[in-house]
2 protein chains.
Amino acid sequence: MSHPLPPLTALRAFESAARHRSLKKAAEELNVTPAAVSHQIQILEDMLGVRLFRRVHRGIELTASAEIFFPKLEEGFDCLRQAVGRLRDHRGADVLEVGAPPSFISNWLMPRLHRFVTAFPDIDVRVSTRVRQFPRLPRGPRGDVASVMGWVDEVDVLVVFGNGGYPGMRVDQLMPLTVTPLCSPALLEGDNPLRQPDDLRRHVLLHDDRGVLYEGPSFWDMWLEKAGVTGIDTSRGPHFWHSIPAMEAAVACKGVVATTKELARLDLATGRLVAPFPLEVRLASSYHIVSNEPASKREVVRLFRDWLGKEARTA
Amino acid sequence: MSHPLPPLTALRAFESAARHRSLKKAAEELNVTPAAVSHQIQILEDMLGVRLFRRVHRGIELTASAEIFFPKLEEGFDCLRQAVGRLRDHRGADVLEVGAPPSFISNWLMPRLHRFVTAFPDIDVRVSTRVRQFPRLPRGPRGDVASVMGWVDEVDVLVVFGNGGYPGMRVDQLMPLTVTPLCSPALLEGDNPLRQPDDLRRHVLLHDDRGVLYEGPSFWDMWLEKAGVTGIDTSRGPHFWHSIPAMEAAVACKGVVATTKELARLDLATGRLVAPFPLEVRLASSYHIVSNEPASKREVVRLFRDWLGKEARTA
DNA sequence: GATAATTACGCCTTGCGTAACGATG
DNA sequence: CATCGTTACGCAAGGCGTAATTATC
């Protein structure tokens, strides 16, 4: 324990040579010349003060010391190989771990992912998510950054909503986002039909609070200001930290939600939701593709990043 | 298996840093600077394409990948440390394994070894022996060399009888040997008292065949020729491959043995044997201290070799 | 401001290849 | 004489140190 290990390259050379009972085969395994292996083993013999191989005829034999030495050594290197193998299985050349918020996954990624899987059938895509615990994080960009930094190392690619300022990371903007009111088509008719923005004062406002949490102003305030509507009390109505329950409430005719149109693509297509007004407000924040520096260079990560960008442009 | 391991120094740096949860402590353990450890870990992160440490506050945290990676890695390096430890226990800095023929051990080494042990109480001396299987070995120097080469790597120091020509070995002559007839004191009197060499023709000749096996001429032929005695049939009498049974036969009054006086020191001192004639014949072969090259440099080996030489000169 | 980690730069050791040599069946 | 291991020599890269820098409490 207290003694430092002998040079590791020498140990590796010996382990391989002892396993193969041949310097030549060890040299092949290690992709070096037999001379290099021979040299390493002599270094080891000198450092340990023990002869390890008996040079005999055509090849080598283990000495008694080597017989004592070798088994644990082989076991050790087996462990190292296993350790690397585990990592390769978990985060291997053909394994891609993607992290994203639940709303992005269910409303944007999943409807498209089959195309990536079809295009690259050898890549094992694993999608994981985290529900952000907003109360525990500081609001605004600070909390955003802290959350990303604590997550990005656990995956290969992260898709996050934010301003993109993640130091030391490879960051690509995926797509800008636009906010507009959305509601059930039932609200377009009935007692208080939604015809113009001013009609909103007679409806329940559902609040997707991501605006407040990430940007400062709420989505409703942003949109109503652009729409030139005044005199509406935006403190009314239920608040949601995440977009999915906010949109579900809208689908259930509980009111009108101001949220990102891009995440409602499916509900809009199927008619569960409609956008009653053409005005859309571009957000300062947007979705970003984030990877840490080592991961960003991996082939699978590059492929997926490119594919995400192409999907965002074409759809 | 098929993939080569990442650089081992990088693996070692990571293992140490992950175990200590600190680059600084790892640097201390590895006797390098924190900068070196940091560099190694970045190399590893780049090669694996995975971030391993989350840089946080004062220190580091393991990422999920590192948590998967680390345990087997630690186990692996533990095995390497154990492997080296076993070797150190078996052939450690304070362990000295001595090999010698049985006759040398019981008749020369053991009576003196207590002085070495007293002088160097921290050195754990382990004496081992091999009974040479003469029928299986070619006679003369060739068999001698083959036997030594197959033994010297299993011990730290070998004391052997021979001509000293062991290629690639560190060889020191321990002491020259002289041959003279030895017999029980009972034979000096009685019916056929041994007064002069010529009296030998009326006694049984016991043959210590090491002369034939190592040098060519038998001990009896050598001695009788020097003594100027002719007409004695040296084919008479029992032959022994090893000196101990030959000397035991002499002690038991079975006859007169021509053997190396130096190995009979104890029996001569206690009077179990006597040397009836002053003539002693110097052998060409002698005892040599032999070590392989790595072992010969070890401190304990150097000490023991010097001690052997001093003992041989003073006694 | 103190501690720990990272970066930049340069040195020097280490590991390796080539090629000639040695041993052995 | 064919094969495998060793030796000699020299190059190139990897590993490391020093010192300045960054980050975080």
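Computed from a predicted model, the values in this text were never measured in an experiment. Numbered from 1 within each chain, the chains take letters A, B, ... in sequence-line order.
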Novice: Does a side-chain N-to-carboxylate-O contact under 4.0 Å join A:E29 and A:R12?
Specialist: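 No, A:E29 and A:R12 are not salt-bridged.
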
Novice: Taking only side-chain nitrogens and oxygens of A:T33, does any of them come within less than 4.0 Å of OP1 or OP2 of C:dG17?
Specialist: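 For C:dG17, OP1 or OP2 has a side-chain N or O of A:T33 closer than 4.0 Å.
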
Novice: Whole angstrom is fine here: how far is it from CZ in A:R12 over to P in C:dT14?
Specialist: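 Checked: the CZ to P distance equals 16 Å.
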
Novice: Check the orientation of B:F53 and B:F14. Use parallel for under 30°, tilted for 30 to 60°, and perpendicular for over 60°.
Specialist: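 Tilted: the ring planes of B:F53 and B:F14 meet at 30° to 60°.
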
Novice: May I have the distance from A:L8 (atom CG) to C:dT14 (atom P), rounded to whole angstrom?
Specialist: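 After rounding, the gap between these two atoms is 13 Å.
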
Novice: Please determine if B:E28 and B:K25 form a salt bridge, counting it only when a charged side-chain N lies under 4.0 Å from a carboxylate O.
Specialist: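 No, no charged N to carboxylate O under 4.0 Å.
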
Novice: Over how many whole Å does the gap from B:Y166 atom OH to C:dA23 atom P extend?
Specialist: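 Atom OH in B:Y166 sits about 18 Å away from atom P in C:dA23.
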
Novice: Does OP1 or OP2 of D:dC16 have a side-chain N or O of B:Q40 closer than 4.0 Å?
Specialist: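 So the side-chain polar atoms of B:Q40 do come within 4.0 Å of the phosphate oxygens OP1 or OP2 of D:dC16, strictly under.
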
Novice: Using atom CD of A:E61 as one end and atom P of D:dC4 as the other, report the distance to the nearest whole Å.
Specialist: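 Computing the A:E61:CD to D:dC4:P distance gives 16 Å.
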
Novice: For A:A35, which residues count as a side chain to side chain contact (heavy atoms under 4.5 Å, CB included) partner, sequence neighbours excluded?
Specialist: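 For A:A35 the side chain to side chain contact (heavy atoms under 4.5 Å, CB included) partners, ignoring immediate neighbours, are A:T33.
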
Novice: Looking at B:R19 and B:E15, is there a salt bridge between them, counting it only when a charged N and a carboxylate O are closer than 4.0 Å?
Specialist: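 Salt bridge: yes.
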
Novice: One thing to verify: whether B:D89 and B:R86 come together as a salt bridge, which I'm taking to mean a side-chain N less than 4.0 angstrom from a carboxylate O.
Specialist: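 No, B:R86 and B:D89 are not salt-bridged.
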
Novice: What does the B/S/- profile of nucleotides 3-10 of chain C look like, 5' to 3', with a 4.0 Å heavy-atom cutoff to protein?
Specialist: SSSSB---

